[in-house]
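This structure is a prediction, so every number in the text was calculated from the model and none was measured. Quick note: residue numbers are just sequence positions, from 1.
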Amino acid sequence: MEPKYQNLHQEVIDLCMLGDRQAQYQLYKLYSKAMYNVSFRVTQNEQEAEDVLQESFLSAFKNIHSYKGTAAFGSWLKRITLNNAINLVKKRRLNFESVEDYGAYDERFDQEKKDDRDFEVDQVKKAIERLPDGYRLVLTLYLIEGYDHKEIAEILSITESTSKSQFNRSKKKLREILKEEFQHAG
């Protein structure tokens with residue numbers, strides 16, 4: 001059995017397990033902003049992010065007894081939120097390009113191009129928003145949420161090599177968008 005994680009807000013979590021509405025509201029206030037940000041990074045839509053946020057908290061409170069305390073409560077809640085956001089994006093009919101259509105994964109794509117420029121954070125955020133859903137989702141899960149390609153493959157029900165190729169294509173597309181923006185600004 002894994003050791004219990006020492007949660008900063010364990011008392012509130014325990015009260016939530018007893019169905020205490022005030023404790024649920026307190027937990028919502030503690031985690032809602034972070035979970036909204038997770039949801040928005042995946043959905044790229046304010047209304048959908050709000051919907052995912054509400055659905056995630058309802059699901060968490062309904063299933064709080066399944067939280068075993070072996071990891072941070074925020075990590076458990078983030079996983080619920082990510083799954084809900086990904087499911088919503090999948091409903092939009094996410095299309096991943098099959099790696100078989102393009103041959104084997106080429107490790108050379110991992111090397112950073114020397115002609116990349118320094119861009120402002122806001123420019124990069126706006127460029128990420130312009131990526132197709134599949135590219136944006138893999139890029140977000142890998143770079144921002146910290147999942148590896150094996151985990152992404154499991155989450156999205158794709159192969160690991162498809163995750164890698166989507167990630168490399170998303171980086172290439174992101175460079176194109178940023179260069180386009182740089183040329184328009186310059």
**Student:** Determine whether a donor-acceptor pair (N or O, by modelled atom type, separation under 3.5 Å) exists between the side chain of Arg136 and the backbone of Arg130.
**Tutor:** no

**Student:** Check whether any side-chain heavy atom of Arg169 lies under 4.5 Å from a side-chain heavy atom of Lys173, and answer yes or no.
**Tutor:** no

**Student:** Spell out, as yes or no, whether a donor-acceptor pair under 3.5 Å connects the side chain of Thr140 to the backbone of Leu137.
**Tutor:** no

**Student:** How many angstroms lie between atom OG1 of Thr159 and atom CD of Gln166, to the nearest 0.5 angstrom?
**Tutor:** 9.5 Å

**Student:** Between Asn168 and Lys172, is there a side-chain heavy-atom distance shorter than 4.5 Å?
**Tutor:** no

**Student:** Can you name the nearest heavy-atom pair linking Ala85 to Val52, along with the distance?
**Tutor:** N-CG1, 3.7 Å

**Student:** Between Ala23 and Val12, which heavy-atom pair has the shortest distance, and what is it?
**Tutor:** O-CG1, 3.4 Å

**Student:** Considering non-hydrogen atoms only, spot the tightest contact between Arg41 and Gln44 and give its length.
**Tutor:** O-NE2, 3.3 Å

**Student:** For the residue pair Val124 and Ile128, establish whether any side-chain heavy-atom pair is separated by less than 4.5 Å.
**Tutor:** yes

**Student:** Which pairs pass side-chain hydrogen bond (donor to acceptor under 3.5 Å, both in side chains) with one or both residues in residues 74-86, sequence neighbours excluded?
**Tutor:** Ser56-Asn84, Lys78-Glu145, Arg79-Tyr147

**Student:** Please test Gln54 against Tyr28 for side-chain contact (heavy atoms from CB on, under 4.5 Å), starting from the C-alpha separation and ending with a verdict.
**Tutor:** CA-CA 10 Å; Gln54 300 308 318; Tyr28 178 84; 3.1 Å; yes

**Student:** Could you pull out all residues at least two apart from Glu48 that satisfy salt bridge (charged side-chain N to carboxylate O under 4.0 Å, His left out)?
**Tutor:** Arg92

**Student:** Is the CD atom of Glu11 crowded by more than 12 outside heavy atoms at less than 6.0 Å?
**Tutor:** no

**Student:** To the nearest 0.5 angstrom, please state how far the CG atom of Leu156 sits from the NE2 atom of His149.
**Tutor:** 11.5 Å

**Student:** Could you see if Leu8 belongs to whatever hydrophobic cluster contains Tyr67? Use Ile, Leu, Val, Met, Phe, Trp, Tyr and a side-chain cutoff under 4.5 Å.
**Tutor:** no

**Student:** Can you give me the closest heavy-atom contact between Val42 and Leu82, atom names plus distance?
**Tutor:** CG2-CD2, 3.7 Å

**Student:** Look up atom CD1 in Ile64 and atom CG in Leu27, then write down how far apart they are to the nearest 0.5 Å.
**Tutor:** 6.0 Å

**Student:** Honestly curious: do Leu58 and Tyr25 fall in one hydrophobic cluster under the side-chain, below-4.5 Å linking rule?
**Tutor:** no

**Student:** Ile152 and Ser163: which non-hydrogen atoms are nearest, and at how many Å?
**Tutor:** CG2-OG, 3.4 Å

**Student:** Are Asp20 and Gln24 linked by a side-chain donor-acceptor pair shorter than 3.5 Å?
**Tutor:** no

**Student:** Could you check whether Phe73 and Tyr31 have their ring centres less than 6.0 Å apart?
**Tutor:** yes

**Student:** If the condition is side-chain contact (heavy atoms from CB on, under 4.5 Å), which residues does Tyr36 pass it with, not counting sequence neighbours?
**Tutor:** Phe40, Glu46, Ala49, Glu50, Leu53

**Student:** Take Leu143 and Leu139 through the side-chain contact (heavy atoms from CB on, under 4.5 Å) test and state the conclusion after the steps.
**Tutor:** CA-CA 6 Å; Leu143 288 180; Leu139 183 89; 3.5 Å; yes

**Student:** Just wondering, more than 12 heavy atoms not from Tyr142 lying within 6.0 Å of its OH?
**Tutor:** no

**Student:** Does Ser39 offer a backbone N or O that forms a donor-acceptor pair with the side chain of Thr43 under 3.5 Å?
**Tutor:** yes

**Student:** For the pair Gln26 and Gln22, evaluate side-chain contact (heavy atoms from CB on, under 4.5 Å) and give the outcome as yes or no after the intermediate values.
**Tutor:** CA-CA 6 Å; Gln26 191 174 353; Gln22 287 291 93; over 6 Å; no

**Student:** If Ile, Leu, Val, Met, Phe, Trp and Tyr residues are connected whenever their side-chain heavy atoms lie under 4.5 Å apart, and connections chain through other members, are Ile155 and Val89 in the same group?
**Tutor:** yes

